[in-house]
Asker: 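I am attaching a structure below and will ask some questions about it afterwards.
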2 protein chains.
Amino acid sequence: MGITIKKIASELKLAVSTVSKALAGSHEISPETRQRVVEYARSVDYIPNAYASSLRKRTTGNIGVVLPEVADSFFSDAINGIESVARQKGYHVIIYLTHDDQQKEQAILNDFRSGRVDGVLMSVSLGDGSHTHIEEMAAQKPLVFFDRAWQDVTAARVLTDDVESGYNATHHLLEKGCRRIGFLSVHKNLNIIQQRLQGYKNALADHGRPVRDEDIIDCTHPDTNYDTLKTLLTNPNPPDGLVCSVESLTLLAYRVCHALNLAIPNAVRVVGFSNLGIAALLNPPLTTITQPAFAMGQAAATLLFNALERRTKADVPELKILPSVLHERASTQ
Amino acid sequence: MGITIKKIASELKLAVSTVSKALAGSHEISPETRQRVVEYARSVDYIPNAYASSLRKRTTGNIGVVLPEVADSFFSDAINGIESVARQKGYHVIIYLTHDDQQKEQAILNDFRSGRVDGVLMSVSLGDGSHTHIEEMAAQKPLVFFDRAWQDVTAARVLTDDVESGYNATHHLLEKGCRRIGFLSVHKNLNIIQQRLQGYKNALADHGRPVRDEDIIDCTHPDTNYDTLKTLLTNPNPPDGLVCSVESLTLLAYRVCHALNLAIPNAVRVVGFSNLGIAALLNPPLTTITQPAFAMGQAAATLLFNALERRTKADVPELKILPSVLHERASTQ
DNA sequence: TTTATTTGCGAAACCGGTTTCGTAATCATA
DNA sequence: TATGATTACGAAACCGGTTTCGCAAATAAA
């Protein structure tokens, strides 16, 4: 359909290979010929076919980003970070959404085997499924986890200091006078949750408080979370502080408190992991642990490109840890 | 690298063409041979090369979705709608983010010419730039606008009843007793803004109120919007009602009111176009005009696939209009 | 001046599929 | 039994680039 190298070649009375090399800026071609080709190509608005080129070169110039969700403010910031470094590497970023569905995640990774991308950045989807499809993928092409990662899969990863963040969140509540702090958890086999929980436990220990199992609430099932939380907060002796380990649970906690007419922070103080730009506009303004989403995206992409340029697997998977910050707002005052 | 048709062919002592046809389920191949091939292919975990196949077939199986932003809750919902129909058509959806930067948008559309996608869904980026790159693209492959569209580009479009929505928002404020209503506008050459503004004007007219130019505030420049709004609301005679024509302006209005200690809704009532799931958790809960984002995504994708299957341009560009709904909350009570 | 290098370009193979076309064998029809 | 139509498959062209290799002419070294 469009204009091809072949047409340029015949028009300029050159060989196809000559045109190709000239456009690639090869030194095999004399400057005069090269310029003649380049100018002509531009004049006819030549656009190379991405598929032909990928087929022969055996590289796509694409990296895939596999995300659970995109409404989550963390991920949309992270995408920007990723794109910022991909662009200057001349790579395309293709975003795939799993909606936290491991089936979809698997289908996506499976599709990558058809060669659509050169490398993958991913934040894993929650669920109980096996991780073999991820391992297989990691064996085929470079993979970098960011934020959410599985521990049983060997791959580079970019994380935040989750133990410390969990610690800080809990410590903050304790300092504000909370007597009993609930930890809203999701899938416990997820690294970030484990670490945040560990931080929670460490903080309690440092304050001489016991860790009570019934204060660690499993909110793995979206359908029942609302009720779970509701019963928790209507208990005779409910927690007066909540650490919400992911953004969605933070918002859920707000919903339930609003529904129960539980005043935040008077009845219960809330601190949540969140990158919501509008945390300050919530009722009440939310104290957050905010992750450096943009920087994490950049770091992850950088690790990926290192791997792509190396073409050889690092002997020991790289790990980069970035700090989160606690923004104190009215929900804990 | 991987396992190719050629390998299967030589292993099974068949021609490559036979294998290809067998895998495609061609009737040219006997059921026995077909099954033999299919089974063997599965046993060796054959994955066809997407690029080879696209190159020859001259179709990619991809549709591109070009969005200004993804943090905006409308777009993340719309993506889900798009994906839901793309999946059942066996298409991949590739998401491209412009960050409301027309340069990036242009670069993205330009890239499409290398044949990465078969069709495009887009919500245009704001700005003063020309739209010729969009027109060129529309001339090449099917394009469907959704939500944000340019009027000077001929293409199918999926919109909401923006005049009506603007009317309803304004009417709602008037009924609540507002005397002077500001309309926060962005790029006025954008269809949805024009229409929402028209609705605003109609409502004022129906209530026998004058349309005052100084009540229509242009918030086109992100950098100055905050100050613009601040001076508006610190005027001697400020508006006591605000219609915010896009989500980002709604949140901005909240920020400014909070900063100025202006009580919502007592000092000023606010209604905003927004799909934020957490509108009810804001301080105060926000009255919104909510668009059917998911359905719009579905509708847009459906139009696109119609065009792709038709292979011929519709003589008159299709148009689909879906209704929005007003959710009344505390910000206007 | 002869031999060795370098330079500039073309021919052809190649990436991995898809599609067209040809043909031998089988089947149906007269 | 002779002829026409199917059936089942293979050979080869093809999609549009990239890369290898070969070679003649120009240049450098001996």
Side-chain angles (χ1 to χ4, degrees), chain A residues 1-38 40-41 44-62 90 111-118 140-141, chain B residues 1-38 40-41 44-62 90 111-118 140-141:
Chain A
M1 268 295 68
I3 155 109
T4 68
I5 274 199
K6 203 171 300 182
K7 287 185 190 159
I8 297 180
S10 78
E11 200 64 35
L12 260 41
K13 307 216 185 305
L14 288 172
V16 195
S17 49
T18 307
V19 175
S20 174
K21 290 172 193 169
L23 291 172
S26 164
H27 54 281
E28 277 186 51
I29 306 301
S30 72
E32 301 81 49
T33 310
R34 202 187 308 164
Q35 193 179 351
R36 204 158 65 91
V37 171
V38 169
Y40 181 76
V44 296
D45 199 19
Y46 165 71
I47 307 280
N49 181 305
Y51 286 79
S53 149
S54 293
L55 178 57
R56 175 64 225 232
K57 287 202 292 189
R58 295 171 153 285
T59 83
T60 66
N62 294 329
D111 183 68
F112 285 167
R113 307 199 300 162
S114 75
R116 289 180 197 277
V117 299
D118 296 338
Q140 308 260 338
K141 50 189 71 176
Chain B
M1 267 297 65
I3 158 111
T4 68
I5 275 200
K6 203 171 299 181
K7 288 186 191 160
I8 296 180
S10 77
E11 200 63 34
L12 260 41
K13 308 215 183 307
L14 290 171
V16 274
S17 48
T18 307
V19 175
S20 173
K21 291 172 193 166
L23 290 172
S26 165
H27 54 280
E28 277 187 50
I29 306 300
S30 71
E32 302 80 50
T33 309
R34 200 187 310 163
Q35 192 177 353
R36 203 157 66 92
V37 170
V38 169
Y40 181 76
V44 296
D45 199 19
Y46 165 70
I47 308 280
N49 181 305
Y51 285 79
S53 145
S54 292
L55 177 58
R56 175 66 223 232
K57 288 201 292 191
R58 295 172 151 287
T59 88
T60 66
N62 294 328
D111 182 67
F112 285 167
R113 306 199 301 161
S114 75
R116 289 179 197 277
V117 299
D118 297 337
Q140 309 261 338
K141 49 189 72 175

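Each chain gets a letter, A, B and so on, in the order the sequences are listed, and its residues count up from 1. All values reported here derive from a predicted model rather than from experimental measurement.
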Asker: Between B:Arg34 (CZ) and D:dC9 (C1'), how many Å, whole number?
Answerer: 13 Å

Asker: Ignoring the backbone of A:Val16, work out which of D:dG16, D:dT18, D:dC9 is nearest its side chain.
Answerer: D:dT18

Asker: So, does B:Ser20 get its side chain near the phosphate of C:dT18, meaning an N or O under 4.0 Å from OP1 or OP2?
Answerer: yes

Asker: How many Å lie between CD on A:Glu32 and P on C:dT7, as a whole number?
Answerer: 14 Å

Asker: Which of the following nucleotides, C:dG16, D:dC9, C:dA11, is nearest to the side chain of B:Thr18?
Answerer: D:dC9

Asker: Can you tell me the distance, in whole Å, between the CZ atom of B:Arg36 and the P atom of D:dA8?
Answerer: 14 Å

Asker: Atom CG of B:Leu55 and atom P of C:dG16: how far apart are they, to the nearest Å?
Answerer: 12 Å

Asker: With a non-hydrogen cut-off below 4.0 angstrom, is A:Ser54 in contact with a base, only sugar-phosphate, or nothing?
Answerer: nothing

Asker: Return yes if some donor-acceptor pair links the side-chain N/O of A:Lys7 with the main-chain N/O of A:Gly2 below 3.5 Å, else return no.
Answerer: yes

Asker: To the nearest 0.5 Å, what is the distance between OG1 (A:Thr18) and CD1 (A:Ile8)?
Answerer: 12.5 Å

Asker: If you assign B:Ser17 and B:Ala52 each to the DNA chain D nucleotide with the nearest heavy atom, which residue ends up on the more 5' nucleotide?
Answerer: B:Ser17

Asker: Given C:dG10, C:dT18, D:dG10, which nucleotide is nearest the side-chain atoms of A:Ala15?
Answerer: C:dG10

Asker: Tell me whether B:Arg34 contacts the main-chain N or O of B:Ala22 through its side chain, where contact means a donor paired with an acceptor under 3.5 Å.
Answerer: no

Asker: In whole angstrom, give the distance that lies between atom NZ of A:Lys57 and atom P of C:dA13.
Answerer: 23 Å

Asker: Between B:Asp118 and B:Lys141, is there a salt bridge with N-O shorter than 4.0 Å?
Answerer: no

Asker: Just by distance, do the side chain of A:Ser20 and the backbone of A:Val16 share a donor-acceptor pair under 3.5 Å?
Answerer: no

Asker: Taking only side-chain N and O atoms of B:Arg58, does any of them lie within less than 4.0 angstrom of OP1 or OP2 on D:dG16?
Answerer: yes

Asker: May I have the distance from A:Arg56 (atom CZ) to D:dG17 (atom C1'), rounded to whole angstrom?
Answerer: 9 Å

Asker: B:Asn49 has an atom CG; how far is it from atom C1' of C:dG16, in whole Å?
Answerer: 6 Å

Asker: Show the numbers, then the answer: is there a side-chain contact (heavy atoms from CB on, under 4.5 Å) between A:Thr4 and A:Asn49?
Answerer: CA-CA 8 Å; A:Thr4 68; A:Asn49 181 305; over 6 Å; no

Asker: Once rounded to the nearest 0.5 Å, what's the spacing between atom OH of A:Tyr40 and atom CG of A:Leu12?
Answerer: 6.5 Å

Asker: When you measure from the side-chain N and O atoms of B:Thr33 to the phosphate of D:dC9, is any distance below 4.0 Å, counting only OP1 and OP2?
Answerer: yes

Asker: Starting from C1' on D:dC14, measure out to OH on A:Tyr51 and report it in whole angstrom.
Answerer: 19 Å

Asker: Please work out which residues in residues 21-30 of chain B have a non-hydrogen atom less than 4.0 Å from an atom of DNA chain D and list them by number.
Answerer: B:Lys21, B:Glu28, B:Ile29, B:Ser30

